[in-house]
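All ligand and atom numbering here is 1-based and tracks the order in the structure. Small disclaimer: the values here were computed from a predicted structure and weren't measured.
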Amino acid sequence: MQITDARVIVTCPGRNFVTLKILTEDGVYGLGDATLNGRELAVASYLNDHVIPLIIGRDARRIEDLWQYLYKGAYWRRGPVTMSAIAAVDTALWDIKGKVANLPVYQLLGGASREGVMVYGHANGTDVEDAVKSVAHYLDLGYKAIRVQSGVPGLSSTYGVGRGTMPYEPAEKGAAPENRWSTEAYLNFVPKLFARMRSEFGDEIHLLHDVHHRLTPIEAARAGRSLEPYHLFWLEDPTPGELQQGFRLIRQHTVTPLAVGEVFNTIFDCQQLIQEQLIDYIRTTVVHAGGISHLRKIAALAELHQVRTGSHGATDLSPVCMAAALHFDLSVHNFGVQEYMRHTDETDAVFPHEYGFQDGFMYPGDAPGLGVDIDEDLAAVYAYDPAFLPVNRTLDGTMHSW
Ligand code: CS2
Ligand code: MG
């Protein structure tokens, strides 16, 4: 089955998305998400200029061989741009294989390992009481797991707090907004936030929190220990993940479960974290970690070491990635939870899809392939609009992790 054409579709229905469409001689096509928030055109160019010319004429059925061809054949390995491009090809080829087999992709991955995929939503507020209202809203929607983020007293901005009623979308048009950060203010505040959540909502609901790479290991150990009375489902990105052994220090001091990996793009980024059981959930995603094929390998290593999956699912991962993630999540044995920040109606109109949400769980549907499409005419209406992720500085102006 020859690949006869492929094209990159860049669209901005409220936010930018990059989608790869691969077409075959049989008329069957597949889709892959290639969106890298704030660096979208780098991946679009990598695909247009360096990948598509190489895959035209190749056999669309040879998913693993094409993955290795694009990984080893590039010479320059790994990194978010390269691996997002490879991910898009991989995902599109799984979509094609499912369509040709007339099966939903999860059936090709070994079938369902559960009835549904538990997801978590993003509650957030400018202060604790605003966040309480937001958690109550997500409970009303039926979520069993809810991430809680809040403004920090004394800080003009912080991660994860939406602007107005719109879902939280960090990228801003034009220049990169500058946030200000105080670790001390945050560490003093975060246990109070979750004490309030548990007093208001009790012990049943799964509560998650994202530190977003901002603490040193010993500061993260202090945060984890201070949150133990509130038994979080996970504490995410407690410290930057490049120094994998840094998590040993956190592990020595707290039993709060740890999640990391949304910025990782290959198994090598998390190999030590998994093998030493320094984390409890691996957050790697279809779109940024080499596609379904590579994510399965990461999950297999994680299974050996009692680490569960918890894939990233923010609004800057398109419905194509969401659909692929749900097929993976339904099938993988050591599934933990799937992040699900709802897309806007504009985005859903550009990407019609089968998947659905019901009472805290999601289902990929049984359409052949991934069960997602792209309305290219509608996508063309929304021109690319450059947007940048914020940068973060401490109160004295020193650059810090955002
Ligand atoms: C966050 C993301 O969803 C998460 O856990 O870390 O919102 C992240 O900030 C964005 O995906 C960055 O583009
Ligand atoms: Mg995160």
Side-chain angles (χ1 to χ4, degrees), residues 12 14-18 33-43 80-81 83-84 87 119-124 134 138 143 145-150 157-163 166-173 176-177 179 181 186 190 206-215 220 223 232-242 257-265 269-270 273 279-289 309-322 325 336-344 347 385-392 400-402:
C12 185
R15 70 153 344 277
N16 293 306
F17 294 108
V18 179
D33 185 13
T35 307
L36 187 63
N37 201 0
R39 297 294 184 272
E40 293 86 359
L41 297 188
V43 186
V81 174
M83 299 315 295
S84 296
V119 293
Y120 73 87
H122 275 209
N124 66 82
S134 182
Y138 275 86
Y143 283 83
I146 300 172
R147 188 186 87 164
V148 184
Q149 306 292 138
S150 168
S157 58
T158 191
Y159 164 72
V161 180
R163 294 183 292 276
M166 286 301 290
Y168 174 59
E169 169 53 71
E172 290 193 26
K173 311 287 193 247
N179 288 181
W181 176 253
Y186 169 79
V190 73
H206 295 305
L207 295 178
L208 301 85
H209 181 64
D210 192 347
V211 184
H212 221 256
H213 324 275
R214 298 184 177 202
L215 303 177
L232 266 58
F233 183 90
W234 81 30
L235 188 66
E236 176 185 344
D237 284 331
T239 193
E242 295 97 314
L258 304 177
V260 74
E262 68 181 51
V263 297
F264 293 170
N265 47 78
D269 292 332
C270 49
L273 287 165
I279 58 173
D280 303 282
Y281 298 92
I282 182 65
R283 297 259 297 136
T284 37
T285 78
V286 170
V287 59
H288 298 135
T309 66
S311 288
H312 188 205
T315 45
D316 45 283
L317 286 55
S318 89
V320 177
C321 179
M322 193 72 225
V337 72
Q338 169 66 49
E339 179 177 4
Y340 176 49
M341 279 180 74
R342 293 161 180 252
H343 289 107
T344 61
T347 296
D385 190 357
F388 299 86
L389 283 169
V391 297
N392 195 27
H400 198 70
S401 298
W402 171 67

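Every residue two or more places apart in sequence or in another chain that forms a salt bridge (charged side-chain N to carboxylate O under 4.0 Å, His left out) with Arg15 is listed here: Glu169. For the side-chain contact (heavy atoms from CB on, under 4.5 Å) test, residues two or more places apart in sequence or in another chain that qualify with Asp280 are Arg251, Pro257, Leu258.
A centroid separation of less than 6.0 Å is found between the aromatic rings of Tyr281 and Phe233.
Taking the six-membered ring for Trp and thresholds of 30 and 60 degrees, His400 and Trp181 have nearly parallel ring planes, at less than 30 degrees apart. A tilted orientation is assigned to the rings of His312 and His288, their planes being inclined by 30° to 60°.
For the Mg ion (ligand 2), protein N, O or S atoms under 2.8 Å: 3 in total.
When the options Tyr143, Tyr120, Tyr340 are evaluated for a ring pair (Phe, Tyr, Trp, His ring centres under 6.0 Å) with Tyr138, the one that passes is Tyr143. With Val260 as the partner, the side-chain contact (heavy atoms from CB on, under 4.5 Å) test is satisfied by one option alone out of Val211, Asp269, Asp237, Leu235: Asp237.
For the residue pair Glu339 and His122, a side-chain donor N or O sits within less than 3.5 Å of a side-chain acceptor on the partner.
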Give me the pairs of N or O atoms, one from ligand 1 and one from the protein, that sit under 3.5 Å apart.
unit_1, atom_1, unit_2, atom_2, d
ligand 1, 3 (O), Glu339, OE1, 3.3
ligand 1, 3 (O), Glu339, OE2, 2.4
ligand 1, 5 (O), Arg147, NH1, 3.3
ligand 1, 5 (O), Asp210, OD2, 3.0
ligand 1, 5 (O), Glu236, OE2, 2.9
ligand 1, 5 (O), Glu262, OE1, 2.8
ligand 1, 5 (O), Arg283, NH2, 2.8
ligand 1, 6 (O), Asp210, OD2, 3.1
ligand 1, 6 (O), His212, NE2, 3.1
ligand 1, 6 (O), Glu262, OE1, 2.9
ligand 1, 6 (O), Glu262, OE2, 2.5
ligand 1, 7 (O), Tyr159, OH, 3.0
ligand 1, 9 (O), His212, NE2, 2.8
ligand 1, 11 (O), His312, NE2, 3.0
ligand 1, 11 (O), Asp316, OD1, 3.0
ligand 1, 11 (O), Asp316, OD2, 3.0
ligand 1, 13 (O), Asn37, ND2, 2.8
ligand 1, 13 (O), Asp316, OD1, 3.4
ligand 1, 13 (O), Asp316, OD2, 3.0

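Ser318 contributes no side-chain N or O that, together with a main-chain N or O of Asp33, makes up a donor-acceptor pair within less than 3.5 Å.
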